[in-house]
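For reference, the structure is listed below as structure tokens.
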Amino acid sequence: DSGVTQTPKHLITATGQRVTLRCSPRSGDLSVYWYQQSLDQGLQFLIQYYNGEERAKGNILERFSAQQFPDLHSELNLSSLELGDSALYFCASSPRTLTGTGTYNEQFFGPGTRLTVL
Amino acid sequence: GESVGLHLPTLSVQEGDNSIINCAYSNSASDYFIWYKQESGKGPQFIIDIRSNMDKRQGQRVTVLLNKTVKHLSLQIAATQPGDSAVYFCAEKVGGTSYGKLTFGQGTILTVHP
């Protein structure tokens with residue numbers, strides 16, 4: 001158990017709908033990362049938040065958005081869902097962000113949310 | 001059209017053998033590398049990491065080797081056990097202002113036969 005929790009575990013919805021995935025990082029971790037894992041794209045970084053602020057963006061679609069709240073939990077919002085959005089969505093947390101040549105921190109992954117769009 | 005899934009490299013070994021999983025990375029600016037293990041139905045789990053100023057690092061039953069000249073990373077697992085069966089990913093972090101963004105390789109499926 002990594003200490004990162006994600007809800008729900010499974011989500012089935014229809015095209016055009018909107019869903020919210022939730023992540024609670026490990027106690028004390030300030031950074032939260034979102035990843036998408038699909039059969040044809042592998043594991044792709046979406047976005048990172050550090051202490052409530054967006055810090056890095058990856059391959060995140062404009063239909064997707066995220067935020068990190070004062071209590072450090074994070075939500076990933078997926079809207080206008082398409083069949084191709086079906087995937088596993090992972091959240092990871094780490095103690096602090098990386099700054100230049102500073103310290104490096106392991107990312108701890110949650111169990112993921114499996115999204116199925118029908 | 002029909003989507004085509006990733007065709008992951010596979011490695012099959014017998015229990016007790018040593019396993020070597022390879023990974024090529026493309027960005028010479030990458031300064032930090034991690035190996036993750038992902039078991040079926042679970043999230044990736046950290047195994048071992050290495051900084052770009054090192055060429056070897058050892059953990060418990062695992063060793064990571066980094067060859068920056070040819071941009072190659074390998075994970076060696078000693079005395080492989082059935083519980084090691086999983087998908088193994090290498091990940092790299094690009095330096096500068098990317099604040100921890102990891103780029104993952106496609107993964108290698110390791111199957112350990114008892």
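Residue numbers begin at 1 in each chain, while the letters A, B, ... track the order of the sequences. Model, not experiment: these values are computed from the prediction. Only heavy atoms go into these numbers, but all of them, side chains included; no hydrogens, no water, no symmetry mates.
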**Message:** I'd like to check the salt bridge (Lys or Arg N to Asp or Glu O under 4.0 Å) partners of B:E15; sequence neighbours left out, ordered by chain and number.
**Reply:** none
**Message:** Check whether A:D29 reaches the backbone of A:S31 with its side chain - one donor and one acceptor, N or O, closer than 3.5 Å.
**Reply:** no
Scan the side chains in residues 54-63 of chain B for donor-acceptor partners under 3.5 Å anywhere in the protein, sequence neighbours excluded, and list what turns up.
| from | atom 1 | to | atom 2 | distance (Å) |
| --- | --- | --- | --- | --- |
| B:R57 | NH1 | B:D49 | O | 3.2 |
| B:R57 | NH1 | B:D49 | OD1 | 2.1 |
| B:R61 | NH1 | B:A78 | O | 2.9 |
| B:R61 | NH1 | B:A79 | O | 3.3 |
| B:R61 | NH1 | B:D84 | OD2 | 3.0 |
| B:R61 | NH2 | B:D84 | OD1 | 2.9 |
| B:R61 | NH2 | B:D84 | OD2 | 3.3 |

**Item:** Per-residue contact mode, A:Q37 against chain B (heavy atom under 4.5 angstrom)
**Value:** side chain
**Item:** Evaluation steps, side-chain contact (heavy atoms from CB on, under 4.5 Å), between B:L75 and B:N22
**Value:** CA-CA 6 Å; B:L75 176 70; B:N22 297 302; over 6 Å; no
**Asked** B:Y88 and B:Y36: aromatic ring centres closer than 6.0 Å?
**Response** no
**Prompt:** What parts of residues 109-118 of chain A touch chain B if we use heavy atoms and a cut-off under 4.5 Å?
**Reply:** A:F109, A:G110, A:P111
**Message:** By the ring pair (Phe, Tyr, Trp, His ring centres under 6.0 Å) test, which pairs, at least two apart or in different chains, include something from residues 38-85 of chain B?
**Reply:** none
**Request:** With a 4.5 angstrom heavy-atom cut-off, could you sort out which part of B:Q45 is near chain A: side chain, backbone, both or neither?
**Result:** neither
**Request:** Using a cut-off of under 4.5 Å on heavy-atom pairs, state which of B:G105, B:G107, B:A91, B:P44 scores highest against chain A.
**Result:** B:P44
**Asked** Ring centroid separation for A:F90 and A:Y33, is it under 6.0 angstrom?
**Response** no
